[in-house]
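Working notes, beginning with the structure itself.
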There are 2 protein chains.
Amino acid sequence: MDELKAQAIFREQLKKYVDFNEAEWIVFAPYLSFVTLKKKKNFIEPGTVCKDVGFIVKGSVRYFHVKDGEEITGYFSFENEYVSSYKSFLTQTPSVHYIQALEDTDLITITQKNMQAMLANPMLGYKMERFGRLLAEHYLICYEDRVSSFITKTPEERYLDLLSISTGREILQRMPQHYIAHFLGITPVSLSRIRRRIMVESK
Amino acid sequence: MDELKAQAIFREQLKKYVDFNEAEWIVFAPYLSFVTLKKKKNFIEPGTVCKDVGFIVKGSVRYFHVKDGEEITGYFSFENEYVSSYKSFLTQTPSVHYIQALEDTDLITITQKNMQAMLANPMLGYKMERFGRLLAEHYLICYEDRVSSFITKTPEERYLDLLSISTGREILQRMPQHYIAHFLGITPVSLSRIRRRIMVESK
DNA sequence: CGAAAACGTTAACAAAAGATAAGGATTTGT
DNA sequence: ACAAATCCTTATCTTTTGTTAACGTTTTCG
């Protein structure tokens, strides 16, 4: 994957949020960086400030904490999604988790500094405000559903939900089961038991 | 509380996000509504589309689902905070929960229709994009922490966290304990046990 | 003011989840 | 290709939570 092709893919996906005309794109593009992350390399580590928001052109990443020496995976992002330790990026305070490439991953990234520069740029400011708004709103909606599921559902129900939605099936297919367990808020052993329970009940 | 005073309070708080000059405020203000909710009245009910985002001038609200006939409280908002079934408001799809006034509550509200009109208004569009961005980012950060706590912490740890932060103590002081239990993702009985455990251990 | 409803605690039991360890299958890396 | 590491399942035991019900207290509301 070369940088120009990555930019073209990003530009196409960006249209969901804002559509730049040629003149705007020429101003916009130099603010972008092209980054390649080898498998198992970190996009961000705890204690450091997240300087970039990334768009995944190819590959995938996982978010995880380390607690009592154990890695606890909380989230995943795939192709055509954005990736950042968003709180850290927005507030420029240290991240509390890792983000790690699950496979060789190509990203288009925007630094916080460039983001601020574009917001202050008369030619781009308006559309960048809109981009930032729609991006935050998109993740807000995901999180609202996620919090809601922790409040109102059992781990078993959360697992069944995952089976029933398309993005859930993508996660189930592409991720090892112990990542999914932590994503659901339980241990791998417990998820294995839940799966057995479901198998037996529906046999 | 009269409408003008409410608007003045809202305007002051709004400065955290955007600062309107006099000319802009004169255009902006007519898009606002002033709403009074009597205690126990609903701001939104499941199955209906949330048409407004509100700013709480006075009072407080709780968010809750009904599951198996039981009310499960997932969130609270207080003075100088915003309130909306945000996913429903943004996507104009039916809400899945109630939002109910915990006491007589005064709100400044903006309808989705007026929001769109302001975003399209050349005089207000830019600042409204910014307002929407910063508001969404603010809630995104809250949600990120909340999801993270469900993934990495036990109910007991979440309760101790609540004791240690100022907004948590406000919740603990103002809310009945069974609301807090559901907010933490557990039953009221279980929270009572956790509290006893903590009392005994720290005696 | 007084009856009814709502609240918090506790108890007893059932169900589920956590912790630890073992074993077999699969994958990884050199 | 082979040794090491990772992964999933299963078993056992402990801890925690859920469920239901009872009881005394406090709050609400007509």
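Quick note on labels: first sequence line is chain A, next is B, and so on, each numbered from 1.
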Under a 3.5 Å threshold, yes or no: a donor from one side chain and an acceptor from the other, between A/Tyr98 and A/Arg62? no
Thinking salt bridges, do A/Lys58 and A/Glu79 make one under a 4.0 Å N-O criterion? no
Heavy atoms only, 4.0 Å cut-off, all strands: where does B/Arg193 land among base, sugar-phosphate and nothing? base
Spacing of A/Glu156 atom CD relative to D/dT17 atom C1', expressed in whole Å: 15 Å
Any A/Arg197 side-chain nitrogen or oxygen under 4.0 Å from OP1 or OP2 of D/dT9: no
Please classify the nucleic acid contact of A/Pro188 as base, sugar-phosphate, or nothing, using heavy-atom distances under 4.0 Å. nothing
Flag, side chain of A/Lys67 to backbone of B/Thr152, donor-acceptor distance under 3.5 Å: yes
Just checking B/Ser190: base, sugar-phosphate only, or nothing, at a heavy-atom cut-off of under 4.0 Å? sugar-phosphate
Length of the CG-C1' vector between B/Leu191 and D/dT16, whole Å: 14 Å
A/Met199 atom CE is separated from D/dT9 atom P, nearest whole Å, by 9 Å
Would you mind checking if A/Glu22 and A/Arg11 are paired as a salt bridge, meaning a charged N to carboxylate O distance below 4.0 Å? yes
Whole-Å distance, A/Ile186 CD1 to D/dC8 C1', equals 14 Å
note: B/Lys67, atom NZ; D/dT19, atom C1'; distance rounded to Å ~ 14 Å
Examine distances only and state if a side-chain atom of A/Gln100 and a backbone atom of A/Asn42 form a donor-acceptor pair shorter than 3.5 Å. no
Would you mind telling me which of D/dG18, D/dC7, D/dT28 lies closest to the side-chain atoms of B/Lys39? D/dT28
At a 4.0 Å cut-off to heavy atoms of chain B, the contacted part of DNA chain C spans C/dC7 to C/dA12
Identify whether any heavy atom of A/Ser192 sits under 4.0 Å from a base atom; if not, whether one sits that close to sugar-phosphate; answer base, sugar-phosphate or nothing. base
Separation of D/dT25 atom C1' from B/Gln177 atom CD, nearest Å, is 14 Å
Pairing donors with acceptors under 3.5 angstrom, does anything connect the side chains of B/Thr36 and B/Asp106? yes
Specify the separation, in whole Å, of atom CZ of A/Arg174 and atom P of D/dC7. 17 Å
Atom-to-atom span, CD1 of A/Ile151 to P of D/dT17 - whole angstrom: 15 Å
Regarding B/Arg133 and B/Glu129, does a basic nitrogen lie under 4.0 Å from an acidic carboxylate oxygen? no
Pick the nucleotide of DNA chain C nearest each of B/Arg195 and B/Lys40; which residue has the one closer to the 5' end? B/Lys40
